[in-house]
Asker: 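My questions will all concern the structure given below.
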Amino acid sequence: MVGPGRPQFVLFGSSIVQFSYTAEGWGAILTDIYSRKADVFVRGYSGWNSRRALQVLHKIFPMEAAVQPSLVIVYFGGNDSMRPHPSGLGPHVPLPEYIENMRKIATHLKSLSEKTRIIFLTAPPVNEAMIHEFTGNKFDEYGRTNEACQRYSKALIVMCHEMDIKVVDLWTAIQGCDDWLTACFTDGIHLSTEGSKIVVQEILTVLKEADWEPSLHWKSVPTEFAEDSPYDLVGPDGKTTINVSETNFHWENEWD
């Protein structure tokens, strides 16, 4: 552990989380936005469903940890929603069990700390034609459909409202992009930079509007070592320095 201590944000989920640093993904963007403000930890596991998440939940989020996360962003659902295999193997989880699993995850995270905040992400839509183009027909019978993603997404939203948990409806948000079918995916499932930017904007909107104390929106979280210093850049007058600690050259004009 390096210091000083910053708020800890944990991204927990399947490949949408694991690959969130690829191709200027949403995890990478959040980490950049929160540089000098919060430490972002990625706990993403490609191919996982909510059943596997429950198996390791207490290992990733131990109750006895000295420092508990300030924010946990959770995504499972796309793999759960895949069609069942006749063998009983595979990632499919029936919708009622999926919701119960997500409820158990939420309950555990809520118990970590009074200050631990939670955001769930629903399953995003998929481009079924693009998936077929990338994988051929080997997964068509047991693969993923946009209709199933919608059903799992809607059910998760209902559960989150019942539990008073913030939720981002990715299934709807992604489709708000006019050319979402081509612009938002790398392979029909995983998100492109354009898709990731939608995820980031939705998360930041939740953080801005939430009545959490302290606020976790990036403009409200204190910047580490932000005090003025004679070692800062010298200003145009040649007598004073310019404090650039609050400047994020890449994103400062893009995100609210």
Side-chain angles (χ1 to χ4, degrees), residues 1-13 16-44 60-75 109-110 112-121 165-166 168 173 191-256:
M1 177 68 182
V2 296
R6 299 178 179 179
Q8 294 184 0
F9 294 179
V10 183
L11 316 181
F12 179 44
I16 295 292
V17 172
Q18 180 175 332
F19 301 154
S20 66
Y21 276 70
T22 303
E24 203 170 55
W26 63 276
I29 296 172
L30 281 177
T31 301
D32 192 9
I33 292 172
Y34 280 89
S35 62
R36 296 184 67 170
K37 292 176 177 285
D39 289 327
V40 181
F41 295 86
V42 178
R43 295 296 183 266
I60 296 176
F61 301 100
M63 292 289 296
E64 66 275 11
V67 178
Q68 296 292 358
S70 297
L71 175 67
V72 183
I73 300 176
V74 181
Y75 167 74
L109 295 177
K110 279 189 165 188
L112 295 178
S113 160
E114 291 183 357
K115 294 294 186 181
T116 297
R117 311 303 185 184
I118 307 165
I119 300 175
F120 275 26
L121 309 179
I165 291 173
K166 304 296 184 183
V168 171
L191 300 172
S192 65
T193 299
E194 189 65 31
S196 282
K197 286 183 178 180
I198 295 173
V199 178
V200 172
Q201 187 58 69
E202 293 295 318
I203 291 172
L204 291 180
T205 298
V206 170
L207 294 175
K208 186 175 184 178
E209 295 177 353
D211 57 350
W212 292 337
E213 183 60 40
S215 171
L216 296 178
H217 187 261
W218 71 282
K219 290 186 177 180
S220 300
V221 177
T223 298
E224 191 173 273
F225 300 130
E227 63 275 7
D228 294 338
S229 169
Y231 307 120
D232 288 337
L233 296 172
V234 179
D237 62 6
K239 299 178 182 179
T240 58
T241 57
I242 301 174
N243 188 332
V244 296
S245 63
E246 299 287 352
T247 302
N248 190 316
F249 295 102
H250 192 54
W251 299 115
E252 65 177 334
N253 295 319
E254 183 156 359
W255 307 111
D256 293 329

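The chain is numbered in sequence order, starting from 1.
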Asker: Nearest 0.5 angstrom please: T223 OG1 to R6 CZ, how far?
Answerer: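 The OG1 atom of T223 sits 9.5 Å away from the CZ atom of R6.
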Asker: Could you walk me through whether L112 and L109 pass side-chain contact (heavy atoms from CB on, under 4.5 Å), step by step?
Answerer: CA-CA 5 Å; L112 295 178; L109 295 177; 3.9 Å; yes
Asker: Evaluate the side-chain proximity of L121 to I203: yes if any heavy-atom separation is below 4.5 Å, no if none is.
Answerer: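 Contact flag for I203/L121 side chains = yes.
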Asker: Check whether K115 reaches the backbone of E213 with its side chain - one donor and one acceptor, N or O, closer than 3.5 Å.
Answerer: yes
Asker: Looking at every heavy atom in both P69 and V72, which two are closest together, and how far apart are they?
Answerer: CG-CG2, 3.7 Å
Asker: Under the side-chain contact (heavy atoms from CB on, under 4.5 Å) criterion, do L11 and V42 qualify, and how do the steps go?
Answerer: CA-CA 5 Å; L11 316 181; V42 178; 4.3 Å; yes
Asker: Report the residue from V40, V168, L30 that forms a side chain to side chain contact (heavy atoms under 4.5 Å, CB included) with I73.
Answerer: L30
Asker: Considering non-hydrogen atoms only, spot the tightest contact between V234 and G238 and give its length.
Answerer: CG1-CA, 3.8 Å
Asker: Does T116 reach the main-chain N or O of K110 with its side chain, forming a donor-acceptor pair under 3.5 Å?
Answerer: no
Asker: Which heavy atom of R43 sits nearest to which heavy atom of V10, and what is that distance?
Answerer: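 Minimum heavy-atom contact is CG-CG1, 4.1 Å.
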Asker: Is there a side-chain contact (heavy atoms from CB on, under 4.5 Å) between T31 and F9? Walk through the geometry before answering.
Answerer: CA-CA 9 Å; T31 301; F9 294 179; over 6 Å; no
Asker: Apply side-chain contact (heavy atoms from CB on, under 4.5 Å) to V199 and I29, showing your working.
Answerer: CA-CA 10 Å; V199 178; I29 296 172; over 6 Å; no
Asker: Side chain of S196, backbone of T193: donor and acceptor closer than 3.5 Å?
Answerer: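 No, because the side chain of S196 does not come within donor-acceptor range (under 3.5 Å) of the backbone of T193.
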Asker: Work out which heavy atom in V221 is nearest to a heavy atom in K37; give both atom names and the distance.
Answerer: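 Closest heavy-atom pair between V221 and K37: O-NZ, 2.7 Å.
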Asker: Search all heavy atoms of P62 against all heavy atoms of Q68 and return the closest pair with its distance.
Answerer: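 Minimum heavy-atom separation between P62 and Q68: O-NE2, 3.1 Å.
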Asker: Using the side chain to side chain contact (heavy atoms under 4.5 Å, CB included) definition, which of the options I119, L204, L71 pairs with L216?
Answerer: L71
Asker: Using a 3.5 Å distance criterion without hydrogens, assess whether the side chain of D228 forms a donor-acceptor pair with backbone atoms of N243.
Answerer: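 Checked: no pair found.
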Asker: Could you tell me which non-hydrogen atom of W212 sits nearest to which non-hydrogen atom of K166, and how far apart they are?
Answerer: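 Nearest heavy atoms, W212 then K166: CZ2-CG, 3.4 Å.
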Asker: F12 and ring-ring contact (aromatic ring centres under 6.0 Å, His included): which single residue from F41, F120, F61 fits?
Answerer: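 Considering F41, F120, F61, a ring-ring contact (aromatic ring centres under 6.0 Å, His included) with F12 is found only for F61.
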Asker: Tell me whether W26 contacts the main-chain N or O of I16 through its side chain, where contact means a donor paired with an acceptor under 3.5 Å.
Answerer: yes
Asker: Side chains of I242 and P236, heavy atoms from C-beta outward: is any pair under 4.5 Å?
Answerer: yes
Asker: Closer than 3.5 angstrom, by distance alone: can the side chain of Q18 be matched with the main-chain N or O of G13 as a donor-acceptor pair?
Answerer: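 Checked: no pair found.
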